[in-house]
Amino acid sequence: ALHEIPDVSVPRYVRVNTLKLDVDSALLELQKNYPVQKDNLLAELLILPKGTDLHDHPLVKNGSIFMQGKASSMAAPALSPQPGWEVIDACAAPGNKTIHLAALMKSRGKIVACELKKERVKRLKDTIKLSGASNIQVLNEDFLNINPKDPSYSKVNAILLDPSCSGSGTSASRLDHLLPSKTAGQDTDMERLSKLATFQRKALQHALLFPGLERIVYSTCSINQIENEDVIKSVLPIAESYGFQLAKPFPEWQCRGLPVFEGSECLIRTDPAEHGEGFFIALFVRKDASSDCSN
Ligand code: SAM
């Protein structure tokens with residue numbers, strides 16, 4: 001039941017689906033009923049007052065705007081996919097970031113949206129349909145089973161890896177932890193976290209194997225170091241051996257990774273209290289493809 005409580009502590013962010021509507025038209029339409037501001041970091045993000053209920057708004061119903069927090073709206077722009085690129089969204093359902101990628105690519109090029117769980121594929125397909133994106137192929141598959149040496153993946157330029165995580169940065173989870181019964185389960189929580197981290201590491205290492213890859217974004221909606229900085233730290237030497245470096249997306253963003261290894265200032269964190277949800281983003285760029293973190 002806690003999961004149904006709307007988080008009214010932060011503004012309501014909506015992402016304009018630029019495949020269907022331009023930002024200024026969305027702004028004008030929403031301004032008829034609400035005070036609306038543009039976000040200063042992401043051009044397609046609009047800010048409405050806390051607790052604004054838009055579930056039944058026509059722009060939501062017809063896929064012109066999607067209710068998506070600021071933090072999770074930073075992942076696709078961090079990857080910065082170009083129109084015409086081939087991109088894999090490795091863990092795609094329910095598809096919020098998939099369709100954001102499609103919008104940034106202006107529906108040109110190709111996105112393979114990979115989702116392991118059959119029951120979540122329907123939701124993914126519904127999101128894609130609502131968005132109007134026409135360059136997305138849905139694959140009901142384990143990302144770890146996609147063969148990077150398969151010639152059909154030889155031209156993949158970028159991968160978005162937003163794997164299953166503890167969700168400890170989401171408001172529902174944070175409220176959940178206020179329940180007294182939660183303190184009893186700390187051991188099993190640790191076990192669960194280390195299982196998740198093992199998968200996250202494996203998936204990131206797998207992503208590095210795609211031969212034509214220029215950019216990888218790894219993101220979670222977790223605040224746990226073990227799922228975030230620790231994953232990046234342990235995979236970094238392997239990534240570097242393939243020619244990747246950490247790069248610094250959104251250099252103006254102040255809240256960066258925990259200082260647990262050299263280069264962690266490249267990482268992005270969002271703070272649940274300040275930014276509405278706890279989120280983590282790491283960007284790897286192949287050396288010759290772009291500037292590194294120090295630039
Ligand atoms: N990126 C999504 C979005 O923004 O809407 C959210 C992704 S959610 C955090 C992680 C998803 O990865 C889940 O739907 C889960 O079923 C899927 N998943 C977990 N393991 C997977 C695997 N090995 N291969 C592909 N998908 C997987």
Side-chain angles (χ1 to χ4, degrees), residues 3 13-15 17 42 44-45 60 63 65-79 81 87-105 111-131 133 136-148 150 153 156 158-173 192-210 216-224 227-228 231 268 270 276-283:
H3 292 247
Y13 285 98
V14 299
R15 186 178 63 74
N17 174 20
L42 298 171
E44 62 272 51
L45 213 60
V60 171
I65 60 173
F66 283 82
M67 288 184 280
Q68 191 174 346
K70 176 160 175 162
S72 83
S73 299
M74 289 167 72
L79 191 64
V87 178
I88 296 177
D89 186 352
C91 294
N96 294 314
K97 299 184 190 77
T98 320
I99 59 165
H100 195 180
L101 292 170
L104 295 172
M105 293 164 72
I111 299 173
V112 174
C114 177
E115 172 54 47
L116 175 68
K117 296 203 177 114
K118 203 170 179 194
E119 65 276 15
R120 290 175 63 86
V121 166
K122 186 188 175 307
R123 181 84 191 282
L124 173 61
K125 286 184 174 165
D126 288 347
T127 308
I128 294 170
K129 195 170 174 206
L130 185 62
S131 78
I136 303 172
Q137 177 199 341
V138 173
L139 207 57
N140 183 193
E141 182 60 89
D142 184 337
F143 172 61
L144 299 175
N145 283 342
I146 294 189
N147 181 4
D150 181 334
Y153 297 113
V156 171
I159 293 180
L160 178 72
L161 175 63
D162 186 38
S164 298
C165 72
S166 62
S168 59
T170 61
S171 58
S173 163
R192 177 173 164 251
L193 283 182
S194 84
K195 265 192 194 148
L196 283 165
T198 302
F199 166 67
Q200 291 155 349
R201 245 187 339 262
K202 238 191 216 170
L204 182 53
Q205 286 179 24
H206 190 69
L208 292 166
L209 299 175
F210 287 75
I216 304 175
V217 157
Y218 171 88
S219 61
T220 72
C221 56
S222 161
I223 53 171
N224 304 98
E227 298 178 88
N228 296 333
V231 169
I268 288 185
T270 66
E277 53 183 340
F279 207 81
F280 177 84
I281 298 174
L283 168 66

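The model shown is predicted, which means the values in this text are computed figures rather than measured ones. Whatever order the structure lists them in is the order used to number ligands and atoms, beginning at 1.
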Subset of ligand 1 atoms that lie under 4.0 Å from at least one heavy atom of Ala90
25 (C), 26 (N)
Which of the atoms of ligand 1 are close to Phe199, meaning less than 4.0 Å from one of its heavy atoms?
20 (N), 21 (C), 22 (C), 23 (N)
Side chains of His100 and Pro77, heavy atoms from C-beta outward: is any pair under 4.5 Å?
yes
Taking only non-hydrogen atoms of Asn96 and a 4.0 Å limit, the atoms of ligand 1 in range are 3 (C), 4 (O), 5 (O)
For atom 19 (C) of ligand 1, grab the closest protein heavy atom and report residue, atom and distance to one decimal in Å.
Ser164 OG, 3.2 Å
For ligand 1, which atoms, with element, lie under 4.0 Å from some heavy atom of Ala92?
1 (N), 2 (C), 3 (C), 5 (O)
Where's the contact between Ala75 and ligand 1, heavy-atom distance under 4.0 Å: side chain, backbone, both or neither?
neither
Heavy atoms, side chains only, cut-off 4.5 Å: are Ile99 and Arg15 in contact?
yes
among protein heavy atoms, the one nearest atom 23 (N) of ligand 1 is Asp142 OD1, 2.8 Å
For Glu141, the atoms of ligand 1 under 4.0 Å from one of its heavy atoms are 24 (N), 25 (C)
Within the side chain of Thr127, is there an N or O that forms a donor-acceptor pair under 3.5 Å with the backbone of Asn96?
no
Between Asn140 (side chain only) and Leu116 (backbone N and O only), is there a donor and an acceptor less than 3.5 Å apart?
yes
For the residue pair Phe143 and His206, categorise the inter-ring angle as parallel (less than 30°), tilted (30 to 60°) or perpendicular (more than 60°).
perpendicular
Would you say ligand 1 has an N or O under 3.5 Å from any N or O of Lys97?
yes
Just jot down the ligand 1 atoms closer than 4.0 angstrom to any heavy atom of Pro163, in number order.
9 (C), 10 (C)
Need the ligand 1 atom indices (1-based, order shown) with element for anything under 4.0 Å from a heavy-atom of Arg120.
13 (C), 14 (O), 16 (O)
Given Thr127, Asp162, Leu116, which has its nearest heavy atom closest to atom 21 (C) of ligand 1?
Leu116
For Cys91, the ligand 1 atoms whose distance to one of its heavy atoms is below 4.0 Å
1 (N), 2 (C), 7 (C), 11 (C), 12 (O), 26 (N), 27 (C)
For Glu227 and Thr220, indicate whether the former's side chain and the latter's backbone hold a donor-acceptor pair under 3.5 Å.
no
Would you say Leu160 and Leu101 make side-chain contact, with heavy atoms under 4.5 Å?
yes
Residue selection (non-hydrogen contact nearest atom 16 (O) of ligand 1) among Gln68, Arg123, Glu115
Glu115
Short side-chain to backbone donor-acceptor contact, Asn17 and Ala103, under 3.5 Å
no
Quick test: of every protein heavy atom, which one is nearest to atom 24 (N) of ligand 1, and how far off is it to 0.1 Å?
Phe143 N, 2.9 Å
Decide yes or no for Leu42 and Tyr13: does some side-chain heavy atom of the first lie under 4.5 Å from some side-chain heavy atom of the second?
no
Note the single closest protein heavy atom to atom 8 (S) of ligand 1, along with its residue, its atom name and the distance in Å.
Ala93 O, 3.6 Å
Is the closest side-chain heavy-atom distance between Met74 and Phe279 below 4.5 Å?
no
